[in-house]
Q: 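One structure, as structure tokens, below. Some questions next.
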Amino acid sequence: MAQAPRVLGIESTCDETAAAIVQGRELISNVVASSMQEHARYGGVIPEIASRAHAQSFIPVVEQALHDAHLTLDDIDAIAVSAGPGLAGCLAVGVSGAKALALAANKPLYGINHVIGHIAVTQLQFGAFPERTMALIVSGGHTSLLEVHDIARDVRVKGTTLDDAAGECFDKVARLLGFPYPGGPYIDRHARLGDPHALRVPQGLTQGRAGAEHPFDFSFSGVKTAVARWVEQETAQGHEIPVDDVCASLAYSVADVLAKKAITACVDADVYTLVVGGGFSANSQLRAALQQYGERHGIEVRLPELKLCTDNGAMVAQLGVNLIEAGCAPSPLDCPIDSAMPLDQVYMQ
Ligand code: KG4
Ligand code: ZN
């Protein structure tokens, strides 16, 4: 392989069927088909509907990614696919399709960890990782701090949420306020118009013994309860709910605790680069808080551009490139999917 590795990445963990081609640190093509519209009226992703949409979109999306890149499967060095974590039926469609392509075109296959992909994707903007990097992963299903010693081989969990994820917490409060699913982006937009000090939103695991015992863990389960109780009380008193203020109080409190703990983790580990990834990294209050705390402590914060925050094939392809560069053996063609794939497992060996 004379040039930098060229990888086709395929993603189907939830409601996006996506394919992209990455060569080295360059994005050659990127195609995403979403079934979100079909789930919105149910207030959450319906796995059966999502799996069916993947089965329909898989070939068209892969063909489009190859077409946009003016390439055929023959020109690709390897195929990478998300093998977990995610919805089992959705993963099965993507992984089976990728295995079939790998077998037919005689290409190596890498069944990668979708969450690690969210971190890997920032290399397209900022280049390779420094020797030691901290990662904050924030999505609908995960809120964790990871120590990245080697993106292909050595990722360790520094902290994680003990209950809800930040995205999940936003989606639950959004539902309470009557926003459609997923509510995160609505809270973000309304928060820009409100007063962040209108109500007190608790920051879990920051005070007293719990805070001392869990300096790098998160807890968001108390947030929804606190907001729900406040809304109930206001309604009982005949007050109109100041939606913008509720969103602002929630968003600034959650962004603050995420940013504070992430930067403290960097300082604690003597690391000067923080990489952020996952759908919730699109959140503008979090982006601002991270930049602010990062500047204050001399830590470079690497935020993905908005189109690469949500699920995409580029993140999968980029991690595939990393695995090839590190000389990692491909996944066997009988490798399983794992809907609860652990965060320190980079790919299926
Ligand atoms: O990574 P992702 O696309 O899917 C998972 O793997 O979970 O993340 C989706 C999550 C949802 O909870 C959604 O509400 C949240 O990311 N999200 C946001 C924003 N954009 C997406 N939350 C807050 N503000 C946003 N701008
Ligand atoms: Zn994701």
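Read the numbers this way: they start at 1 and go in the same order the structure lists the ligands and their atoms. Since this is a predicted model, take the numbers as computed values, not measurements.
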Q: Would Gly183 count as a polar contact of ligand 1, with the cut-off being nitrogen or oxygen pairs under 3.5 Å?
A: no
Q: Please report whether ligand 1 has a polar contact with Asp171, defined as an N or O pair separated by less than 3.5 Å (distance criterion only).
A: yes
Q: If I apply the N/O under 3.5 Å rule, does Asp188 come out as touching ligand 1?
A: yes
Q: Got a second to check how far Met36's CE is from Ile49's CD1, nearest 0.5 Å?
A: 11.5 Å
Q: Compute the minimum heavy-atom distance from His118 to ligand 1 and say whether it is under 4.0 Å.
A: yes
Q: Nearest 0.5 angstrom please: Glu300 CD to Gln291 CD, how far?
A: 9.5 Å
Q: List, by chain and then residue number, the residues other than Ile59 in its hydrophobic cluster (Ile/Leu/Val/Met/Phe/Trp/Tyr, side-chain heavy atoms under 4.5 Å); write none if there are no others.
A: Leu8, Ile10, Ile21, Ile28, Phe58, Val62, Leu66, Leu71, Leu73, Ile76, Ile79, Val81, Leu91, Val95, Leu101, Leu103, Leu109, Leu333, Ile337
Q: Pro182 heavy atoms, cut-off 4.0 Å: which ligand 1 atoms fall inside?
A: 14 (O)
Q: Do ligand 1 and Gly140 have nitrogen or oxygen atoms that lie under 3.5 Å from each other?
A: yes
Q: The Zn ion (ligand 2) and Cys14: any N/O/S contact shorter than 2.8 Å?
A: no
Q: So, Asp163 versus Ser221: side-chain donor-acceptor pair below 3.5 Å or not?
A: yes
Q: What protein heavy atom sits nearest atom 24 (N) of ligand 1, and how far away is it?
A: Asn283 ND2, 3.0 Å
Q: Once rounded to 10°, what is the value of the angle centred on the Zn ion (ligand 2) between Asp311 OD1 and His118 NE2?
A: 90°
Q: Please name the pair of heavy atoms, one in Gln285 and one in Asn283, separated by the smallest distance, quoted to 0.1 Å.
A: OE1-ND2, 3.0 Å
Q: Do the rings of Phe170 and Phe280 sit parallel, tilted or perpendicular, given the 30° and 60° boundaries?
A: perpendicular
Q: In ligand 1, which numbered atoms sit nearer than 4.0 Å to a non-hydrogen atom of Phe280?
A: 16 (O), 22 (N), 23 (C)
Q: Once rounded to the nearest 0.5 Å, what's the spacing between atom NZ of Lys99 and atom SG of Cys335?
A: 4.5 Å
Q: Give yes or no for whether the N/O distance cutoff of 3.5 Å, strictly under, is met between Glu16 and ligand 1.
A: no
Q: Indicate yes or no for a side-chain donor-acceptor contact from Tyr110 to the backbone of Cys328 under 3.5 Å, with no hydrogens or angles considered.
A: yes
Q: What are the two closest heavy atoms between Cys169 and Phe220, and how far apart are they?
A: CB-CB, 3.9 Å
Q: Near His114, which atoms of ligand 1 are under 4.0 Å from a heavy atom of that residue?
A: 6 (O)
Q: Which ligand 1 atoms are under 4.0 Å away from a heavy-atom of Ala282?
A: 20 (N), 26 (N)
Q: Within the 4.0 Å heavy-atom shell around Gly141, which atoms of ligand 1 are there?
A: 7 (O)
Q: Report yes or no: do His114 and Asp311 form a side-chain donor-acceptor pair below 3.5 Å?
A: yes
Q: So that I can check it, does any N, O or S atom in His114 come closer than 2.8 Å to the Zn ion (ligand 2)?
A: yes
Q: Examine distances only and state if a side-chain atom of Arg132 and a backbone atom of Asp270 form a donor-acceptor pair shorter than 3.5 Å.
A: yes
Q: Would you call Ile187 a ligand 1 contact, heavy-atom distance under 4.0 Å?
A: no
Q: Any idea which atoms of ligand 1 are less than 4.0 Å away from a heavy-atom of Gly279?
A: 1 (O), 2 (P), 3 (O), 8 (O), 16 (O), 17 (N), 20 (N), 21 (C)
Q: Relative to the heavy atoms of Gly167, which atoms of ligand 1 are at a distance of less than 4.0 Å?
A: 12 (O)
Q: Could you tell me, atom by atom, which parts of ligand 1 come under 4.0 Å of a heavy atom of Asp311?
A: 1 (O), 2 (P), 3 (O), 4 (O), 6 (O)
Q: Just checking, any donor-acceptor pair under 3.5 angstrom between side chains of Gln123 and Asn322?
A: yes
